[in-house]
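A quick note: this is a predicted structure, and the numbers were derived from the prediction, not measured. Any value given below was found using the heavy atoms of this structure, including those in side chains, with hydrogens, waters and symmetry copies removed.
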Amino acid sequence: VQVAESGGGLVQAGESLRLSCTTPGSSIDDYAMGWFRHVPGQGREGRACIDWNGRSTYIPDDVKGRFTVTKDNANNTLYLQMNDLKPDDTGMYFCARDRKFRRVGVRRCSFESVYWGQGTQVTVSS
């Protein structure tokens with residue numbers, strides 16, 4: 001399964017970005033998905049995740065109220081809307097598609113196995 005992210009870039013603090021993720025050749029309809037950020041020395045941390053039918057999302061406290069994740073099955077696209085960006089949000093953001101069929105609930109973005117994209121860089125200047 002291919003996973004492709006887009007939408008990263010360089011912005012100033014307080015500005016917004018919207019990341020997009022598609023899975024060319026396969027459907028996202030029946031799978032939970034998420035956005036993760038690589039943290040040097042710590043691996044990838046979940047930034048926003050959504051279950052297969054969009055009824056459950058997980059947004060960690062440090063970005064809650066600023067980040068929103070949506071799953072557009074009709075367009076086979078996952079989005080991450082990031083508002084009021086801060087320099088601490090800087091990093092490589094990865095999209096992931098769950099391998100588990102119709103996972104219900106996305107507690108702390110704890111997926112056992114996923115397909116990863118190549119990542120898109122987000123840089124927020126102060």
Side-chain angles (χ1 to χ4, degrees):
V1 174
Q2 290 183 301
V3 180
E5 306 97 334
S6 62
L10 171 63
V11 297
Q12 293 187 330
E15 294 184 339
S16 298
L17 277 176
R18 188 177 75 161
L19 306 184
S20 300
C21 172
T22 63
T23 57
S26 62
S27 174
I28 67 171
D29 288 9
D30 298 304
Y31 297 94
M33 298 187 70
W35 290 97
F36 296 75
R37 179 180 64 170
H38 176 70
V39 180
Q42 298 183 33
R44 295 177 183 179
E45 62 175 356
R47 299 286 81 198
C49 293
I50 188 166
D51 71 354
W52 76 276
N53 60 12
R55 293 177 183 173
S56 176
T57 62
Y58 168 76
I59 308 287
D61 289 343
D62 63 324
V63 298
K64 193 169 292 182
R66 299 191 296 119
F67 287 16
T68 304
V69 59
T70 54
K71 192 168 177 276
D72 183 350
N73 289 344
N75 290 302
N76 208 49
T77 304
L78 178 77
Y79 297 103
L80 179 65
Q81 179 66 43
M82 304 185 292
N83 297 329
D84 190 23
L85 281 161
K86 305 179 186 303
D88 284 350
D89 295 319
T90 292
M92 184 69 80
Y93 283 69
F94 295 86
C95 176
R97 202 216 79 176
D98 196 4
R99 295 193 184 211
K100 180 180 175 63
F101 183 76
R102 294 191 177 182
R103 179 187 301 273
V104 176
V106 285
R107 182 177 175 83
R108 304 185 71 82
C109 297
S110 299
F111 301 150
E112 297 84 7
S113 182
V114 300
Y115 296 99
W116 291 107
Q118 294 298 306
T120 185
Q121 178 68 33
V122 172
T123 303
V124 185
S125 64
S126 57

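Between the side chain of Thr120 and the backbone N or O of Gly8, at least one donor-acceptor pair lies under 3.5 Å.
In the hydrophobic clustering of this structure, Leu17 groups with Leu78; members are Ile, Leu, Val, Met, Phe, Trp, Tyr whose side-chain heavy atoms approach within less than 4.5 Å, directly or through other members. Under a hydrophobic clustering in which Ile, Leu, Val, Met, Phe, Trp and Tyr are joined whenever their side-chain heavy atoms come within less than 4.5 Å, directly or via other members, Met92 and Val124 fall into different clusters. Taking hydrophobic clusters as Ile, Leu, Val, Met, Phe, Trp and Tyr residues chained together by side-chain heavy-atom distances below 4.5 Å, Val3 does not share a cluster with Trp35.
Arg102 is linked by a salt bridge (charged side-chain N to carboxylate O under 4.0 Å, His left out) to Asp30, counting only residues two or more places apart in sequence or in another chain. Looking at residues two or more places apart in sequence or on another chain, you find no salt bridge (charged side-chain N to carboxylate O under 4.0 Å, His left out) involving Asp72. Considering only residues two or more places apart in sequence or on other chains, Ser126 meets the side chain to side chain donor-acceptor pair (under 3.5 Å) condition with none of them. Residues satisfying the salt bridge (charged side-chain N to carboxylate O under 4.0 Å, His left out) test with Arg66, not counting sequence neighbours, are Asp89. Here Ser27 pairs with Asp29 under the side chain to side chain donor-acceptor pair (under 3.5 Å) rule; sequence neighbours left out. Looking at residues two or more places apart in sequence or on another chain, you find a salt bridge (charged side-chain N to carboxylate O under 4.0 Å, His left out) between Lys64 and Asp61.
Looking at every heavy atom in both residues, Val114 comes nearest to Arg99 through O-NE, 3.4 Å. When all heavy atoms of Pro60 and Gly46 are compared, the closest pair comes out as CG-O, 3.5 Å. The shortest non-hydrogen separation linking Asp98 to Ser113 is OD1-O, 3.3 Å.
Contact of the Val69 side chain with the Ile59 side chain is registered, since non-hydrogen atoms from C-beta on lie closer than 4.5 Å. Under the 4.5 Å side-chain criterion, counting only non-hydrogen atoms from C-beta, Val122 is not in contact with Thr90. A heavy-atom distance below 4.5 Å is found between the side chains of Arg103 and Glu112.
Cluster note: Tyr31 groups with Phe101 through ILVMFWY side-chain heavy atoms spaced under 4.5 Å, whether in direct contact or through intervening members.
Applying the salt bridge (charged side-chain N to carboxylate O under 4.0 Å, His left out) definition to pairs two or more places apart or across chains, those involving residues 33-54 are Arg37-Glu45, Glu45-Arg47, Arg47-Asp62. Note on residues 26-64: pairs passing disulfide bond (SG atoms under 2.5 Å apart), not counting sequence neighbours, are Cys49-Cys109. Annotation: side chain to side chain donor-acceptor pair (under 3.5 Å) contacts involving residues 2-22, sequence neighbours excluded, comprise Ser16-Asn83. Residue pairs satisfying the ring-ring contact (aromatic ring centres under 6.0 Å, His included) criterion with at least one member in residues 102-126, sequence neighbours excluded, are listed as follows: Phe36-Trp116. For residues 43-95, there are no ring-ring contact (aromatic ring centres under 6.0 Å, His included) pairs, not counting sequence neighbours.
Atom-to-atom distance recorded for Cys95:SG and Leu80:CG is 9.5 Å, nearest 0.5 angstrom. Arg97 CZ to Ile28 CD1: the interatomic distance, rounded to the nearest 0.5 Å, is 9.5 Å.
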Item to complete: Please lay out, stage by stage, how Thr23 and Asn76 fare under the test side chain to side chain contact (heavy atoms under 4.5 Å, CB included).
Response: CA-CA 7 Å; Thr23 57; Asn76 208 49; 3.3 Å; yes
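Atom CD of Gln121 is surrounded by more than 12 heavy atoms from other residues, nucleotides or ligands within 6.0 Å.
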